[in-house]
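Single-structure report; data block below.
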Amino acid sequence: MLKRHGHEAVLAVLVVGALFILSLQSDRFLTLDNLLNQSRLMAEVALVALPMTFVIISGGIDLSVGSTMGLCAILVGVLWQSAGLPLPAAIALSLLAGLACGLFNGLLIIRFGMPPLIATLGTLALYRGLAEGISQARSVRGYPEWFARLGQGDSWGLPSQVWLVLLMLAICGIVLGLTRWGRTIYAIGSSETAARFAGLPVDATKYAIYAATGLASAMAAIVFVSRVSTTRSDMGTGLELDAITAVVLGGTSIFGGRGTILGTALGLILVQTLENGLSLAGVKGDGTVVLIGLVLIVTLLVGALMDRRLRA
Amino acid sequence: MKIATPFGRSLALLAPVATVFAGFAQPAQAEWTGGDGQPTAPLACDGSPAEVAAVAYNGGAVANEGAKAGQPLKVVDVPKLIGIGYFDSTSKGVLKAAAELPDVTAITDGPTQANIDEQITLIDNYNPSGIDGILFSANDPVAIAPVLRKALAAGINVVGYDSDAEPDARQWFVNPSEFNGVAKSLIDELAADIGKDGSFAIVTSTFTTPNQARWIAEMEAYQQACYPEMTWLETVEAQEDNILSFNQATTLINKYGEELDGIVGMTSVATPAAAEAVTQAGLCGETAVIGLATPNAMKPYVASDCVRAAVLWDTTAMGYAAMQALHAAANGTLKAGDTSFAAGALGTLQILNGSQILLGAPTVFTKENITNYDF
Amino acid sequence: MTSQILPARANPPAAAPLRRFFSEYGHECVVALAILVLLVGVGLYNPRFISARNLGSIFSGNAYVAIAAIGMTILIVMRQIDLSVGALIGVLATISGSIAVSGAPIWLAWLAPVLCGMAINAVSGLLVAYAGIPAIVVTLGMMAVLQGGLISVTGGAWISNLPADFLLAKMAVFGLPMPLVWAIVLTIAAGLWLRLTPYGRSFYLIGGNAEAARAVGLPVRRRIVMAFVIHGAFAGLATLMFATQLQVIQSTTPPNLELLVITASVIGGVSILGGTGTVFGSSLAAVLFAAIGSALIFVNVSAYWQRAFIGALILLTVGADMLRRRRAASAGGK
């Protein structure tokens, strides 16, 4: 048990410890209102980090998610306001565009054999540039009331977007843990060559995970636009680093082949807990950033040392 | 083939180069000036004051109004970003007022980049932390509104400065200077340097920064009305990054040569960088630099006579006034319908447009007065 | 292939020296050619583009990127990467500036960023080499620590009133701007060191095939730490050219500087798969970026589309490299 889920266990202890210590610092931390609000704030990163886990387990990485989010946000706004489409149609097209962005990443990585880091570094600049070019730096505002419910309202007792995150969590967890498709992703991450020889559908699987990440970035874009009721081309800047931090903190190996959705979920919760709890305890934003960086390094260090000891 | 193969990859480099050339083919389209395309209200050329229509209070209402009267106040000041001189000085003003007022503690905490999401999350995290007041400078007026409304509903007093949010999302806004007033000052000072028929270029932050886009739009309108002979050459983007600002200004100087009579810096980062570019190009006295800038950053260039004047409001006073306004709002001494506001050491400030406290006309820093300011 | 010291370089035994030069430095030559084409083309459109003054700006404007890219190139050759370099340069600039205004001797203000850069990166290197944490994760964490730490310490204040003799980048050597001289000298020195000394070549060997390098007795882990330390030193040198250019030092880190540095290395011909690439290429790429940035203003390309354009540039370059490798692999039968 400890051998297979050692990292998740460490993380769970960290989360509980952080919750405990931080709740002593401020009595406003462990309240239902605050926790619900935090779940709303973490929705965009969570939506992207969950499929990003697939990408990293497969041995890849996607740095373009933040830019994809910016581009899809701009598309919703421009298609709706400038092109005059009904808002639901604009949303649907924007989701398609996110899918296309992901497929294009896949094309570069699979068809042209580019290293994922470099391919998505390129599309990070490209997609953000398209967002700036298409928007001509104008922001779009004035969305209808009903649209705000997704990002600002509640449904069945929870912030609306949290249902979306839970759905994503369930799908990703089931796919990765219980299906043949999930096992294929692990196999690709362990050894792509071996997976190919074993006759697994390597290329199709990789296209699917990059497409899923692109689609998730578009979903995050729509949730975010609805939450802040405006659209700007600089939306999602730095999202890639937040998502990757959560995934890697969750124990997924950047070399591929290892990682779980549970770990990513715990990683997300830990980061959000620290950000919120520390700020309630009176630590300023820059101090929190330092601490999250340190937690990332130290957690991985402890994980690496534990691995070594267990192996020995 | 062995010889040719190393070139395969490299030939692709020529494609983008070719794309640059493709730019030649386009006829010079209508120059983009950097304005935001919104309606403008240029002031009269001779400086006669514009008609001010009385507007009823349009700010938001705080829950449990008056409950904080006489109580100690814990205030957080959230600027657009931290790490630039401009907001360092507003923060000093906030702290100065907090020290003068009884029982007020204030801290400054902001995003490290002018990023809407980080700013919103930060405020959202502070909302339930037991603070009594929020001072803010918005990265985006609409995006920040929901979290501020939430704060108002929780009984937290909210006052903006520098960059406003939607009026109903805050109680008061300390307006450093009206957009058209800033535009007039900049263009008038520019005209004093380069003449009524000079040519100039602009270095701004980014296209999405609302204040800069607004000023540029007003400048364009005022220039067309009052100095129609001036030539507006180009507007370039340089983030809030001083090296990039320097490089962009240098490129403008190199591109236009003699034709370029003046550079206008739209940010406190771009203006000193443009002054440095002119200094290093050895063009002091030939290419003028005007712009928004903190006096400390401009002192070397004003001292060396390379720059005659820089324009800015007193940013420390702006932070000071915002903190004073928040305290007054919490204690009920500043309330809806007031037309003036006693801002401590600053004296009485005018209230305009329903809920904006006007700091006054922008200050023009020249050799005569720049040493009196330290921010 | 694996027995070669410079694995991915085609190495025809009896070729004429010129041919051999082109086959070894073909990529660098074409980056240089691209710069030349750009200069001539835009120069014909607007002669001011190739005025001595603008050439000076182009060649020295990105010198600090070129210098930082030297260290990054060595790291990427070793299959490592550093996402924290932008934040590091911001921190080092503040350290250097604070010392300069404190009244300490100026040489200390110049030396400190180099030493601090080496020390900070030694930490990253040790974590990568000995704890086995991937470089991308270590440097991601380091970036957060440096960025947040910088603001915590400075509180966001700028450093102004820098003493005039501190401003190294504004000085000139034989009439040439200091940043340009430094970039050239450091590029040539590092390039020759990597090419001609066994120690330098060992980086390529390890990057090309770490197992083989270990088998021939190279201390792989120590070399990884060294690569990080050297990269830290170059970051410090880059800081000197970065921080002494203007009369104020911002306490924010330059946005996206790490992406610019990594991109310069990659466009310059460093393969992210390790083992190949030269610092001549990365320095030329830094010049190419400056030239493109300047050209876009000279030919009035809408600034809105600039970033899309740079993204397309990266993808085209890397895509062509991938096709070339594939062709070379199928033609040469591996």
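The shown structure was predicted, so the numbers you read here are calculated from the model rather than taken from an experiment. Every chain is numbered from 1, with letters handed out A, B, ... down the list of sequences.
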Item to check | Contact origin within D241(B) toward chain C - heavy atom pairs under 4.5 Å | outcome: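 It is both, since atoms from each part get that close.
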Checklist entry - Which bit of Y301(B) is near chain C, if near means a heavy-atom gap under 4.5 Å: side chain, backbone, both or neither? => result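 Only the side chain of Y301(B) comes within 4.5 Å of chain C.
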[X] versus chain B, heavy atoms under 4.5 Å apart: side chain, backbone, both or neither?
{"X": "I297(C)", "answer": "both"}
{"X": "F242(C)", "answer": "both"}
{"X": "N46(C)", "answer": "side chain"}
{"X": "S294(C)", "answer": "both"}

Checklist entry - Taking it one step at a time, do Q250(C) and I243(B) satisfy side chain to side chain contact (heavy atoms under 4.5 Å, CB included)? => result CA-CA 10 Å; Q250(C) 279 178 296; I243(B) 300 281; over 6 Å; no
Checklist entry - Between the side chain of Q247(C) and the main-chain N/O of P300(B), is any donor-acceptor distance below 3.5 Å? => result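 No, because the side chain of Q247(C) does not come within donor-acceptor range (under 3.5 Å) of the backbone of P300(B).
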Item to check | Minimum heavy-atom distance between A297(B) and W158(C), given as atom pair plus value | outcome: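 Closest heavy-atom pair between A297(B) and W158(C): CB-CZ3, 4.3 Å.
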Checklist entry - What are the two closest heavy atoms between E276(B) and Q245(C), and how far apart are they? => result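 Heavy-atom minimum between the residues: OE2-O, 4.0 Å.
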Checklist entry - So which of D88(B), N242(B), L81(B) has the biggest tally of heavy-atom pairs under 4.5 Å with chain C? => result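 If we count pairs closer than 4.5 Å to chain C, N242(B) comes out on top.
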Checklist entry - Taking atom types as modelled and ignoring hydrogens, do the side chains of S57(C) and N254(B) form a donor-acceptor contact shorter than 3.5 angstrom? => result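 Checked: S57(C)/N254(B) side chains pair up, N/O donor to acceptor below 3.5 Å.
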